[in-house]
Asker: 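Got a structure for you, written out below as structure tokens; questions coming shortly.
The chain is numbered in sequence order, starting from 1. All figures in this text were calculated on a predicted structure; none of them were measured in a lab.
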Amino acid sequence: MSKLSVTGILSGAAIKYIAMSAMLIDHIALCIPYIWRYHEIYMVMRGIGRIAFPIFCFSLIEGYYHTSDIGRYILRLFIFAVISEIPFDLAVGFGKIVNLSHQNVFFTLCIGLCMVYMFDNELTPMIMKIAVVVAACIIAQALRADYGMFGIVQIFMLYVFRRFRAGRIISVAVLNVYYGQPAGACALLFTELYNGKRGYGFKYFMYAFYPLQFVLLYLVRKYI
């Protein structure tokens with residue numbers, strides 16, 4: 001696996017904490033109806049939240065290149081996708097324990113990581129690599145995973161342009177503008193300051209934070 005040449009001030013853990021904070025702000029606006037009365041505040045909070053997904057995609061690719069066990073990495077994403085689904089449905093689906101119309105973002109990340117792993121195999125013919133990317137997009141859309149095909153394409157572009165800053169910047173900016181969330185391009189302000197170091201972070205807390213926030217937001221909306 002190739003090594004990324006980087007200079008910056010933010011560790012991998014630091015940019016994940018930034019993404020987690022942005023995500024929480026976004027989900028507070030999404031899940032708490034009281035905020036909907038204040039349209040300007042609601043839109044600002046949702047805009048801040050748009051920076052989270054590109055950062056998570058960037059971190060996913062860096063994780064792929066630094067993991068010592070890709071199988072465990074994929075399994076971990078899948079397990080947390082399953083764990084997160086009921087809290088996600090309760091909070092985003094407004095009390096529905098099962099809501100098949102929209103699946104949580106861990107499914108998108110898991111599908112994207114599987115795609116990258118299969119595409120990165122040097123023994124795989126190019127036609128099969130193309131088929132893998134197309135299949136990942138179709139699966140994400142069929143499952144109605146968060147961000148769907150757009151999410152898979154963004155993961156793939158960050159993988160392709162991992163060592164080419166200009167391509168990375170252009171692809172993230174263009175994809176987010178095309179998808180209708182131009183604020184997502186602001187994620188580049190943080191990912192381009194990545195210093196290539198892991199940093200200090202609690203790995204499983206970062207995973208657990210996703211379902212836990214939905215549990216808390218559901219309880220806040222239900223009882224306060």
Asker: Taking a hydrophobic cluster as the set of Ile, Leu, Val, Met, Phe, Trp and Tyr residues connected by side-chain heavy atoms closer than 4.5 Å, whether directly or through intermediates, do Val174 and Leu158 fall within one such cluster?
Answerer: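 No.
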Asker: For the atom pair CD1 (Ile61) and CZ (Phe156), what is the distance rounded to the nearest 0.5 Å?
Answerer: 10.0 Å
Asker: For the residue pair Glu85 and Asn99, confirm or rule out a side-chain donor-acceptor distance under 3.5 Å.
Answerer: no
Asker: For Tyr200, what residues pass the ring-ring contact (aromatic ring centres under 6.0 Å, His included) criterion, not counting sequence neighbours?
Answerer: Phe202
Asker: Heavy-atom distance under 4.5 Å between the side chains of Val44 and Glu40, does that happen here?
Answerer: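 The answer is no, as the side chains (C-beta and beyond) never meet within the 4.5 Å cut-off.
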Asker: Side chains of residues 105-115: which donor-acceptor partners sit under 3.5 Å, not counting sequence neighbours?
Answerer:
unit_1 : atom_1 : unit_2 : atom_2 : d
Thr108 : OG1    : Asp146 : N      : 3.4
Thr108 : OG1    : Asp146 : O      : 2.6

Asker: Are the aromatic ring centres of Tyr210 and Phe214 under 6.0 angstrom apart?
Answerer: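 That pair passes the under 6.0 Å test.
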Asker: Determine all donor-acceptor pairs shorter than 3.5 Å in which one atom belongs to a side chain in residues 73-81; sequence neighbours excluded.
Answerer:
unit_1 : atom_1 : unit_2 : atom_2 : d
Arg76  : NE     : Tyr207 : OH     : 3.3

Asker: Are Met149 and Ile138 connected in the hydrophobic side-chain network, where two residues link if heavy atoms are under 4.5 Å apart?
Answerer: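 No, it is not one cluster - the side chains of Met149 and Ile138 are not joined through contacts under 4.5 Å.
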Asker: For the atom pair CG (Leu24) and CE (Met45), what is the distance rounded to the nearest 0.5 Å?
Answerer: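 Rounded to the nearest 0.5 Å, the CG-CE separation comes to 8.0 Å.
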Asker: Do Tyr17 and Phe209 come close enough that some side-chain heavy atom pair is under 4.5 Å?
Answerer: no
Asker: Identify the residue among Ile155, Ile152, Val153 that makes a side-chain contact (heavy atoms from CB on, under 4.5 Å) with Cys57.
Answerer: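 In the set Ile155, Ile152, Val153, the residue that makes a side-chain contact (heavy atoms from CB on, under 4.5 Å) with Cys57 is Ile155.
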Asker: Quick check on the 6.0 Å ring-centre criterion: do Phe190 and Tyr194 meet it?
Answerer: no
